[in-house]
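Chain letters run A, B, ... following the sequence lines, proteins first, then strands; residues in each count from 1.
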Protein chains: 2
Amino acid sequence: MTVPTGRRERKKAATRKKIADAALRLFLDRGYDAVGIRDVAAEADVAVTTLFSHFASKEALVFEQDEGFEQRLTRAVADRAPHEPLIPALRREILALVRHCTAESAAPVWHMIEGSRSLREYEESMRLRHAESLAAALAAAPDLSQSTTVRRTIARFVIDAYALAREAADPDGAVDEIFRMIEAAWEVACHPA
Amino acid sequence: MTVPTGRRERKKAATRKKIADAALRLFLDRGYDAVGIRDVAAEADVAVTTLFSHFASKEALVFEQDEGFEQRLTRAVADRAPHEPLIPALRREILALVRHCTAESAAPVWHMIEGSRSLREYEESMRLRHAESLAAALAAAPDLSQSTTVRRTIARFVIDAYALAREAADPDGAVDEIFRMIEAAWEVACHPA
DNA sequence: ACCGTAACACTAACGGTTAGTGTTTCGGAA
DNA sequence: TTCCGAAACACTAACCGTTAGTGTTACGGT
């Protein structure tokens, strides 16, 4: 029951990283769809079952370090300065995330994702999960008292902004444009007719 | 090259319907995940390859008559009365679609969809396609001259309204609530600061 | 020193999907 | 009417992601 801080954990993390590294190497080299799970397992020198004990699916190998996404959004809501308005805080965070994804170094991975139908679909459903998490965070914020529908709507709109801005020709400008619309939607939801 | 209007087409349509009916019967009876493609093919008395020549995937068997969804939305944009404002027209159409899906008769199918992860994910990616179609329809409308980003954003918001209202406790009220927000977003996009 | 457990391996399969290869059946042109 | 080409359909056999079942190590705590 004590917190295990030993070699076992390090070994596990090392195995996980070895698998993820092998996968990314093969995927970028030969293309995602052209590489099989058995190839990845062989390259990482690991059994197929071991691979699946570290990653829930083939797609999850690509979105490995994505855990931070949900946390960044929920914290942008929960940890914002007292009385700081909600939408600008979210706008700032989304802008940072969009810039992170459209950075030069992320281009090959992003290109790979766009090239595979299953990866795109996986990311879509990830985004829905993120939207639900954000809606939950909005419900937990003490200074916001909207209806469930309004919370879920705003959460979806914010996630949409992320997805749309990333694909836009001018991502920064798109964030501005979309968040102006979200701001208006939020205002009208706060002050019902 | 002439329009084929013969027995062949009727036979094809009959086979397609036979497969879809067999599938729905088995799915509702035993549960979607408990029924295999080979079961459906056997029940419809067709080969597995024949089944896949009519339906692209197992999930597509469930969303058979969904082709109308895209058309209804794009037509709501293109065929609306001259000078009729956009958002109310879309609101009306979404409301009708939501009511259609939450009708009593659709309950078993809807319940089945909610019960299967793969069906839910399939529907999500269907909705993205619908949003893209709607964005294209907005681009084709002569009386609307917004940026690409604005069009895609509004399209997503409208599809979100459909998804969210369907899951809400009070679907009709949710459509009202969300479209008030969409209207505000649209207004601010039409009249930039 | 020892026990429980978590990580890992191996085989074998399951279920959706597709390639490859015919075979039938129909619509339209000769 | 006859025949050709195409489309629908069938069948086998496999591919690929994923999982169940069954061990076998290797480590942490007692």
Closest to side chain of [X], choosing from [options]:
| X | options | answer |
| --- | --- | --- |
| A:A47 | D:dT19, C:dC10, C:dT18 | C:dC10 |
| A:R38 | C:dC10, D:dG17, C:dG16 | D:dG17 |
| B:T50 | D:dT18, C:dG20, D:dC9 | D:dC9 |
| A:K11 | D:dC27, C:dG16, D:dT18 | D:dC27 |
| B:I37 | C:dT17, C:dA7, C:dA9 | C:dT17 |
| B:K12 | D:dC11, C:dA9, D:dA8 | D:dA8 |
| B:F52 | D:dA10, D:dC9, C:dT17 | C:dT17 |

- Do A:T149 and A:S147 have side-chain N/O donor and acceptor atoms under 3.5 Å apart? no
- Who else is in the cluster with A:L128 when I, L, V, M, F, W and Y are joined by side-chain contacts under 4.5 Å? none
- Query: Starting at the 5' end of DNA chain D and moving along, which residue's nearest nucleotide shows up first, A:V35 or B:V46?
  - Reply: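 Closest to the 5' end, via its nearest nucleotide, is B:V46.
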What's the [atom1]-[atom2] distance between [X] and [N], to the nearest Å?
| X | N | atom1 | atom2 | answer |
| --- | --- | --- | --- | --- |
| B:D33 | D:dT18 | CG | C1' | 14 Å |
| B:K58 | C:dT17 | NZ | P | 8 Å |
| A:R10 | C:dC8 | CZ | P | 14 Å |

- For the residue pair A:F69 and A:Y162, does the interplanar ring angle fall in the parallel (under 30°), tilted (30 to 60°) or perpendicular (over 60°) class?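 Answer is perpendicular, since the angle exceeds 60°.
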- Query: Hey, quick one: are A:L97 and A:M126 part of the same hydrophobic cluster, counting side-chain heavy atoms closer than 4.5 Å, chains of contacts allowed?
  - Reply: no
- At what angle, to 10 degrees, do the two end axes of the helix from C:dA1-D:dT30 to C:dA30-D:dT1 meet, given five pairs define each axis?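 Computed angle between terminal axes is 20°.
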- Task: Please list, chain by chain and in numerical order, all residues satisfying side chain to side chain contact (heavy atoms under 4.5 Å, CB included) with A:A47, sequence neighbours excluded.
- Result: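 Scan of A:A47 (side chain to side chain contact (heavy atoms under 4.5 Å, CB included), adjacent residues dropped) gives A:T49, A:T50.
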- Message: Which heavy atom of A:A23 sits nearest to which heavy atom of A:V40, and what is that distance?
- Response: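 So the minimum-distance heavy-atom pair works out to CB-CG1, 3.8 Å.
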- Message: Does a side-chain N or O of B:H54 approach OP1 or OP2 of D:dC9 to a distance below 4.0 Å, or not?
- Response: yes
